[in-house]
Amino acid sequence: MSTDAPIALSYDRGTVLVAQGPPGFDFTALPGVLFDPRTSTHRAQARHYRAIVEHCLREKIAYTDAARGWENKPAGWKLQAAREPYPHQAEAVATWWQTGRRGTVVLPTGTGKTFVAVLCMEKVSRPALIVTPTIDLMNQWYGVIKDSFGVEVGLLGGGYYDFQPITVTTYDSAYIHLERWGGKYGLLIFDEVHHLPGPTYAMAAIGSLAPFRLGLTATPERADGGELALPELVGPIVYRKEITELSGEYLAEYRTKRVYVDLTPEEEDAYRKAREEYRRFVAERGISLGGPNGWQKFIFEASRTPDGVAALRAYREQKRIERSASGKFTTLEKLLRDHAGERALIFTADNATVYEIARRYLVPAITHQTKIKERKQILERFHSGEYSILVTSQVLNEGVDVPAASVGIVLSGSGTIKENVQRLGRILRKYGDKQAVLYEVVAKGTAEEFTSDRRRQHHAFQ
DNA sequence: TTGACTCAACATCCTTTGCTACAA
DNA sequence: TTGTAGGTTTCCATGTTGAGTCA
């Protein structure tokens, strides 16, 4: 179909407006386009922009494009002193390019995801917005991009509001200021892309025109299955290399070891009582915790009756007992003795245990309550070797540049593969040719054994 | 500029056994 | 008889972060 009356595309607050066109033209035949009765216009979520343009080109439908707010080659765009990429980096870039310049690259922490992104940016040569989960990462990206391209780099978030052809932002700011940038970037890069499927954060991907998209992560899998939304938001997984495929050459050799500890008779008794109380409530209410929304149902029921409140308290109590079993402390002491002089990171699920360990063994601790300055200082001292042991809960799982350690001790944690892979990643930075080791300390005869099984369902732990 | 605060968003929280109604 | 899908209410508490406000 060829026509002299082109359809008109424009960007409007996270959507593409489609107007004009030949008489009787069916706008809803365009990908993603719906009639909006509030404004009597036709529009699509901005993410459909690429499909709409491709459809128009394929069907030879004339169109004018006032939506796209970027030029192809921003001035001064030159990669400075490019170094040779590793084979896995070159492959990742090539595959992403061949898959239509859309998709997610999965690489373990410390194997150069940022450089993959830099190479993709250079190849695509479009204004790019880089989205990160934390201000810390935003600053790291800012430094790398500035050095890589030698251009002014914009920052959005953390007190900055400066758009440039290359801009780094946070998921929060990307969402809040979407209307201001949604039509201005041809390439979107999502660092730690497993955050993107959150309902609010996803808006950044939905409301942007960017035809080219790159997601980066070490573990796309989410506990809620949200990774299923990633193909729509950024594209499919186009390249994936696992820890086991890169250990030895690019990552440290490692082994993982599960250590069981017994509860004391008193702990066992208290654990059994608490667990029985909570399980009884679940059984009486006919709640199937493994079923869909099982946990939500438990929470819902538990908040309505005194019985339920007690059951929830009992649930938390049995959790607390398994997490802080006294045997874990003796095991920790032994492990630290066995690895005296080595750099060790201790992980827990809760802050109370972190502080307990810090008090007992006079070990520096980091939680979300640790002030930024102090946190930085502790990490620097850990890096310089002044501190050889560091205890933390969940803060260091992701998004912080943590100096390499060769020993990891997981005293407690969630059942998610993501957390376990992230923690393993903390000891895999090449650090001499020492073999790294990740210990997982599990309270025997408790539900922790199942949590442990669950988080080890990743071949890196087989 | 800094720091203390509040608020919003996100993630996890579970699974060791079986019931019931309905379809094949 | 055997096999299997089935279910619904937005959220108790803790950990973590970013944005925004105010002194």
Side-chain angles (χ1 to χ4, degrees), chain A residues 131-139 155-161 169-177 192 194-204 219 221-226 272 275-276 278-305 308-320 322-323 347-355 366-375 392-400 412-420 422 445-455 457:
Chain A
V131 189
T132 72
T134 64
I135 289 177
D136 223 53
L137 280 170
M138 184 176 86
N139 292 334
L155 282 175
L156 176 63
Y160 293 93
Y161 189 85
T169 184
T170 62
Y171 281 92
D172 285 274
S173 287
Y175 157 68
I176 290 168
H177 302 290
E192 310 288 358
H194 49 271
H195 288 280
L196 186 61
T200 309
Y201 291 170
M203 294 308 293
T219 44
E221 290 79 17
R222 290 163 54 98
D224 66 355
R272 193 178 36 78
R275 190 154 176 91
E276 269 169 14
Y278 135 70
R279 296 291 302 176
R280 196 184 320 118
F281 179 81
V282 168
E284 280 170 1
R285 300 295 162 120
I287 299 168
S288 146
L289 282 174
N293 298 314
W295 180 253
Q296 276 73 15
K297 176 151 190 178
F298 170 51
I299 296 297
F300 183 74
E301 294 274 328
S303 59
R304 332 206 91 199
T305 61
V309 171
L312 199 48
R313 201 179 307 126
Y315 160 75
R316 263 192 280 283
E317 175 61 9
Q318 50 105 40
K319 267 323 238 190
R320 191 195 59 75
E322 62 181 30
R323 279 206 296 243
F347 299 101
T348 73
D350 60 303
N351 289 337
T353 310
V354 168
Y355 295 131
I366 294 182
T367 71
H368 76 283
Q369 290 159 327
T370 313
K371 299 271 177 289
I372 307 273
K373 270 188 187 165
E374 191 188 351
R375 191 186 294 193
T392 182
S393 49
Q394 304 168 30
V395 247
L396 299 188
N397 284 357
E398 165 189 304
V400 190
S412 57
S414 77
T416 60
I417 290 167
K418 183 174 70 188
E419 181 184 82
N420 212 25
Q422 283 167 342
T446 71
E448 235 182 21
E449 293 189 34
F450 299 94
T451 309
S452 165
D453 285 343
R454 201 149 44 100
R455 65 170 160 244
Q457 283 170 6

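Please read all numbers here as calculations on a predicted model, not as lab measurements. Naming: A, B, ... by sequence-line order, numbering from 1 per chain.
- Across all strands shown, A/T367 has heavy atoms under 4.0 Å from sugar-phosphate atoms exclusively, and none from any base.
- With C/dA13, B/dA4, C/dT16 as the candidates, the nucleotide lying closest to the side chain of A/R316 is C/dA13.
- Nucleotides C/dA5 and B/dG18 have their C1' atoms positioned 14 Å apart, rounded to a whole Å.
- Using C1' as the reference atom, C/dC12 and B/dC13 are 10 Å apart when rounded to the nearest Å.
- Contact annotation for A/G294: no contact, since no heavy-atom pair falls under 4.0 Å across all strands.
- When the P atom of B/dT6 is taken as reference, atom NE2 of A/H368 falls 13 Å away, rounded to whole Å.
- B/dT2 and C/dA23 make up a base pair, with Watson-Crick or G-U wobble contacts both under 3.5 Å.
- For A/R279 and B/dT15, the shortest distance from a side-chain N or O to OP1 or OP2 is below 4.0 Å.
- Checked against C/dC11, C/dT16, B/dT15, the side chain of A/V395 finds its nearest nucleotide in C/dT16.
- Under the 4.5 Å side-chain criterion, counting only non-hydrogen atoms from C-beta, A/V282 is not in contact with A/K297.
- Of the side-chain N and O atoms in A/K418, one or more sit less than 4.0 angstrom from OP1 or OP2 of B/dT12.
- The residue A/K297 sits close to a base: some heavy atom pair falls under 4.0 Å.
- For the pair A/R375/A/D136, no side-chain contact is recorded, criterion being any heavy-atom separation below 4.5 Å from C-beta on.
- As judged by a 4.0 angstrom heavy-atom cut-off over every strand, A/A302 is placed among residues making no nucleic acid contact.
- Among the protein residues, A/R275 comes within range of the nucleic acid bases, having at least one heavy atom under 4.0 Å from a base atom.
- Taking CZ from A/R285 and OG1 from A/T305, the interatomic distance works out to 4.5 Å, rounded to the nearest 0.5 Å.
- Residue A/T200 places at least one side-chain N or O closer than 4.0 Å to OP1 or OP2 of B/dC10.
- The phosphate of B/dA11 (OP1 or OP2) has a side-chain N or O of A/R222 nearer than 4.0 angstrom.
- Taking the C1' atoms as reference points, C/dT10 lies 16 Å from B/dA8, given to the whole Å.
- Close to B/dT15, at under 4.0 Å from its OP1 or OP2, lies a side-chain N or O of A/Y278.
- In this structure, CZ on A/R316 lies 10.0 Å from CZ on A/R323, to the nearest 0.5 angstrom.
- Protein atom CD of A/E419 is 9 Å distant from nucleotide atom P of B/dT12, rounded to whole Å.
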What one-letter contact string describes nucleotides 18-23 of chain C from 5' to 3', where B marks a base within less than 4.0 Å of any protein heavy atom, S marks contact via sugar-phosphate atoms alone, and - marks no contact?
SS----
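- A salt bridge links A/R272 with A/E276; the closest basic N to acidic carboxylate O contact falls under 4.0 Å.
- Between the side chain of A/E419 and the backbone N or O of A/S414, at least one donor-acceptor pair lies under 3.5 Å.
- Rounded to the nearest Å, the gap between the C1' atom of C/dC11 and that of B/dC14 is 15 Å.
- Comparing B/dT17 with C/dT2, their P atoms are spaced 22 Å from each other, to the whole Å.
- Per the geometry, CG belonging to A/D350 stands 21 Å off P belonging to B/dA11, to the nearest Å.
- Between the OH atom of A/Y171 and the C1' atom of B/dA9 there is a distance of 14 Å, rounded to whole Å.
- Counting only distance, with no hydrogens or angles, the side chain of A/S452 and the backbone of A/E448 share no donor-acceptor pair below 3.5 Å.
- Per the geometry, CH2 belonging to A/W295 stands 9 Å off C1' belonging to B/dT12, to the nearest Å.
- Using a distance-only test at 3.5 Å, with no hydrogens or angles considered, a donor-acceptor pair links the side chain of A/T132 to the main chain of A/T134.
- When the nearest nucleotides of DNA chain B are assigned to A/S414 and A/G198 by heavy-atom distance, the more 5′-ward of the two goes with A/G198.
- Of the candidate nucleotides B/dT15, C/dT9, C/dT17, B/dT15 has the atom lying nearest to any side-chain atom of A/R454.
- When distances run from any side-chain atom of A/T416 to the nucleotides C/dC11, B/dT12, B/dT15, the shortest one goes to B/dT12.
- One can place CG of A/N397 at 11 Å from C1' of B/dA11, the figure rounded to the nearest angstrom.
- Within the nucleic acid shown, A/R285 has no heavy atom closer than 4.0 Å to any nucleic acid atom.
- Taking atom CG of A/N351 as the reference point, atom P of C/dG15 lies 4 Å away to the nearest angstrom.
- Heavy atoms of A/G415 sit under 4.0 angstrom from primed sugar atoms or phosphate atoms, though from no base atom.
- By the 30° and 60° cut-offs, the orientation of the rings of A/Y315 relative to A/F298 is perpendicular.
- For A/Y315 and B/dC14, the shortest distance from a side-chain N or O to OP1 or OP2 is below 4.0 Å.
- Using a distance-only test at 3.5 Å, with no hydrogens or angles considered, a donor-acceptor pair links the side chain of A/T451 to the main chain of A/A447.
- Between A/Q318 atom CD and B/dT16 atom C1' the separation is 13 Å, expressed in whole Å.
- Contact check, A/K319 against B/dT12: no side-chain N or O comes under 4.0 Å of OP1 or OP2.
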